[in-house]
Amino acid sequence: MPEQTCSHIEAIESLKQPKAHECEECVKIGSNWLHLRTCQSCGGTRCCDSSPNRHASKHAKATGHPVVASAEPGERWLYCFPDEAFAEY
Ligand SMILES: [Zn+2]
Ligand SMILES: [Zn+2]
Ligand SMILES: [Zn+2]
């Protein structure tokens, strides 16, 4: 994947880690998910765009929180929804 960072990603100094390894919104509605992303603005963990409910993406649109980090073990990258920017760390 090409590396194309943005000002949102560059502004992140300390990474927010997932509080629990689950999508907080899927848990509420009893749905399931594929992969998890942690919002770097509020620290909430939600499901990825390959999951049926795409909660991380919906959260970014609804709140304007731009950047998520992968919450998958062994994955070390950040993604900015509005800029479609990506960076490994
Ligand atoms: Zn950005
Ligand atoms: Zn979800
Ligand atoms: Zn958020």
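These numbers were taken from a predicted model, which means no experiment stands behind them. Position 1 is the first residue of the sequence, and the numbers go up from there. Ligands are counted one by one from 1 in listed order, and the atoms in each one are counted from 1 as well.
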Open item on the list: Suppose we only allow N, O or S atoms; which atom of His55 ends up nearest to the Zn ion (ligand 2)?
Closed with: ND1
Open item on the list: Counting C-beta onward and ignoring hydrogens, is there a side-chain heavy-atom pair between Ser70 and Arg37 closer than 4.5 Å?
Closed with: yes
Task: Distance below 2.8 Å from the Zn ion (ligand 1): protein N/O/S atoms - done: Cys6 SG, His8 ND1, Cys80 SG, Asp83 OD2
Task: More than 12 heavy atoms from other groups under 6.0 Å of NZ on Lys58 - done: yes
TODO: To the nearest 10 degrees, could you say what angle the Zn ion (ligand 2) makes with SG of Cys26 and SG of Cys47?
DONE: 110°
Task: Any His21 side-chain heavy atom under 4.5 Å of Pro73 side chain - done: yes
Open item on the list: For N/O/S atoms only: which one belongs to His59 and is nearest the Zn ion (ligand 3)?
Closed with: NE2
TODO: Check Cys39 against Lys16 and note the closest heavy-atom contact, atom names and distance.
DONE: O-CD, 3.8 Å
TODO: Report the angle formed at the Zn ion (ligand 3) by atom SG of Cys39 and atom ND1 of His65, rounding to the nearest 10°.
DONE: 110°
TODO: Say whether, by atom type as modelled, one donor and one acceptor occur between the side chain of Gln40 and the main chain of Thr38 under 3.5 angstrom.
DONE: yes
Open item on the list: Can you pull out every ring pair (Phe, Tyr, Trp, His ring centres under 6.0 Å) where at least one residue sits in residues 33-65? Sequence neighbours excluded, please.
Closed with: His59-His65
- [ ] First locate atom CG of Leu36, then atom CD of Glu72, and finally report the distance between them rounded to the nearest 0.5 Å.
- [x] 5.5 Å
Task: Interatomic spacing from CD in Glu22 to OG1 in Thr45 - rounded to 0.5 Å - done: 8.5 Å
